[in-house]
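Here is the structure we will look at.
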Amino acid sequence: MQPRQDSAQRRRIWATGLTLAFLAVAVYAVVLMKFFVAQ
Amino acid sequence: MTTMNPAADAHGHGHDQAHEHHGPPHGITRWLYTTNHKDIGTMYLWFACTMFFIGGTMALGIRAELFKPGLQFFDPQFFNSLTTVHGLVMVFGAIMPAFVGFANWLVPLHIGAADMAFPRLNNWSFWLLIPAAILLVGSFFVPGGAAASGWTLYPPLIIQQGMSVDMTIFAVHILGASSIMGSINIITTILNMRAPGMTLMKMPLFVWTWLITAYLLIAVMPVLAGAVTMLLTDRHFGTSFFNAAGGGDPTMFLHIFWFFGHPEVYIMILPAFGIISQIIPAFARKPLFGYASMVYATASIAILSFIVWGHHMFTVGMPAAGNLFFMYATMLIAVPTGVKIFNWIATMWRGEMTFETPMLFAVGFLCLFTIGGFSGLVLSIVPVDITLHNTYYVVAHFHYVLVSGALFAIMGGVYFWLPKWSGHMYNEGLGKLHFWLSMIGFNVAFFPQHFLGLAGMPRRIPDYALQFAEWNMWSSIGAFVFGFSQLIFLYNVISTIRSGKAAPQKQWDGADSLEWTHLPTPMPYHTFETAPVIK
């Protein structure tokens with residue numbers, strides 16, 4: 001069991017995680033869209 | 001960041017939290033549902049070990065076939081499947097998960113965090129590996145046999161093969177998703193959960209190398225996913241991205257694949273640099289020389305890795321200016337890599353050195369990885385590469401980087417931290433025997449491959465001309481010595497966990513990261529529930 005995190009830390013964690021997840025999905029989308037549009 | 005409890009004991013626990021101390025649940029559910037970073041790290045390491053032996057068995061199949069000229073055991077199609085799946089299993093199933101295992105175990109301990117930022121995501125990242133591994137290895141058993149295009153999955157060959165390719169593509173997608181989720185977890189943990197006083201420039205170098213590696217993964221794994229998605233649509237949905245018959249361009253796949261593939265090389269070597277940077281200072285009994293320059297060198301290597309992909313494809317007919325750009329950019333990487341090599345040597349300089357097994361693997365790494373680096377420089381020269389492309393010289397080069405580089409660092413790291421992880425000390429004699437047999441076997445296996453490549457022997461061919469027979473025989477003998485010596489490692493690890501003698505809190509004199517200085521051996525199931533304060 002992890003110790004309880006304070007809400008500010010929890011917000012920072014989710015902000016970082018979601019930003020990184022968005023970046024990964026964006027890279028995938030850009031690669032596919034570039035080539036599908038060219039197709 | 002959690003606040004420091006002044007009543008925290010030497011184990012990093014607050015007395016007011018004593019009621020929360022408990023061990024792991026028992027049985028299979030412990031492993032299925034665990035969110036504990038140590039359990040997940042252990043599972044990653046055992047998974048990597050299993051895949052290492054599966055991929056190693058394929059390698060021994062390859063070397064058995066190449067022991068003498070002519071076809072001995074396998075038909076050429078199956079031989080090509082062996083080289084393909086060996087590569088994929090070792091890269092995605094063994095080396096990468098092993099480093100993620102190290103990250104799971106060590107990142108929270110090194111920064112004084114209680115666990116990873118997203119423990120459930122961590123569990124999911126691991127369990128995704130199992131179906132991916134089943135798809136990858138199981139592709140041998142479907143009609144047509146496993147993918148036989150080489151681990152790079154080049155079209156047009158890959159477009160023409162059977163359903164095993166779809167299984168491989170699906171496996172690569174799953175492994176990529178797992179890596180991305182692992183990376184998100186690692187970056188978020190490092191950026192948000194460091195103990196008070198643990199500034200970025202105080203973090204152990206292992207944490208730094210993983211922070212940079214995780215960014216690399218997030219940047220390039222989606223690119224690989226895009227490439228294999230396009231392969232899939234070319235195969236089944238009527239597109240012609242890479243199919244020349246439909247107006248597509250197979251060379252485009254090479255560009256996209258290697259835009260992923262070269263950073264991937266650094267994904268497999270930067271965490272190794274991190275492990276070596278923990279081991280060498282511990283056995284030299286000196287702080288790491290040039291810490292800040294090590295951090296900047298790691299970042300430089302990562303940035304440069306995005307602009308060198310063309311050196312994998314000098315023979316496809318890029319413009320001369322393109323070839324020159326990729327050649328010089330590749331040579332540039334030798335500078336930050338050299339900074340790291342010289343810093344490790346300077347760390348050892350006038351140190352009170354001892355040579356226990358982890359240090360032997362670290363010094364072995366230093367000598368042999370440097371050979372791999374130099375043969376990489378040779379290959380970066382365009383006219384030389386055009387001659388050596390697709391020869392055994394390339395095979396020798398990347399095995400010096402990935403086996404005596406990445407794998408030796410993993411072995412050294414396991415010996416280094418096993419006393420802390422398991423609470424038991426390994427058998428030093430067996431460890432040294434494992435090192436020396438690995439060192440000798442590896443060099444006998446791979447050094448002659450430089451000669452074979454220079455003489456013109458092509459890779460991924462099950463038969464060869466008589467002139468290559470002698471060095472191939474030596475290479476196969478070395479490979480079998482190297483392969484079977486890994487059983488000593490397996491025995492040593494298992495017997496250590498089951499019945500090794502108790503290890504002290506600080507097994508190694510010079511080790512100074514938090515797990516050695518703040519935590520008892522064996523470690524409690526939960527650590528740093530109250531963050532330590534770093535001065």
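Letters go in sequence order (proteins before strands), and every chain restarts at 1.
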Report summary line: Output for pair (Tyr215(B) OH, Leu23(A) CG), nearest 0.5 Å, gives 9.0 Å
Query - Residue Met252(B) versus chain A: region with a heavy atom under 4.5 Å - result: side chain
Query raised in the report: With a cut-off of 6.0 Å (strictly less than), are more than 12 heavy atoms of other residues, nucleotides or ligands near NE2 of His236(B)?
Result: yes
Query raised in the report: Can you find a heavy atom in the side chain of Thr188(B) that is under 4.5 Å from one in the side chain of Arg12(A)?
Result: no
Query - Heavy-atom closest pair, residues Leu32(A) and Gly226(B) - result: CD2-O, 3.7 Å
**Report entry** Side chain, backbone, both or neither of Ala214(B) within contact of chain A (heavy atoms, under 4.5 Å)
**Finding:** neither
Query - Considering all heavy atoms, the nearest Ile13(A)-Ala117(B) contact - result: CG2-CB, 3.9 Å
Report task. Measure Thr233(B) against the heavy atoms of chain A and call it side chain, backbone, both or neither at under 4.5 Å. Result -> side chain
Query raised in the report: Roughly how far, to the nearest 0.5 Å, is the CD1 atom of Ile256(B) from the NZ atom of Lys34(A)?
Result: 8.5 Å
Query raised in the report: More than 12 non-hydrogen atoms from neighbouring residues, nucleotides or ligands closer than 6.0 Å to CH2 on Trp124(B), yes or no?
Result: no
Requested in this report: Mind checking the CG-OG1 spacing from Leu191(B) to Thr16(A)? Nearest 0.5 Å is all I need.
Outcome: 6.0 Å
Query raised in the report: Do you know which of Asn185(B), Thr35(B), Ile218(B) has the most heavy-atom pairs with chain A at a distance under 4.5 angstrom?
Result: Ile218(B)
Query - Check: Gln9(A) side chain, Met193(B) main-chain N or O, donor-acceptor pair, under 3.5 Å - result: no
Query raised in the report: Are any non-hydrogen side-chain atoms of Phe35(A) and Phe242(B) less than 4.5 angstrom apart?
Result: no
Report task. Tell me, yes or no, whether the heavy-atom count around Phe170(B) atom CZ, taken from other residues, nucleotides or ligands under 6.0 Å, exceeds 12. Result -> no
Query raised in the report: Below 4.5 Å, heavy atoms only, C-beta onward: do Tyr28(A) and Thr229(B) meet side chain to side chain?
Result: yes
Requested in this report: Kindly compute the distance separating CG (Leu20(A)) from CD1 (Ile180(B)), expressed to the nearest 0.5 Å.
Outcome: 11.0 Å
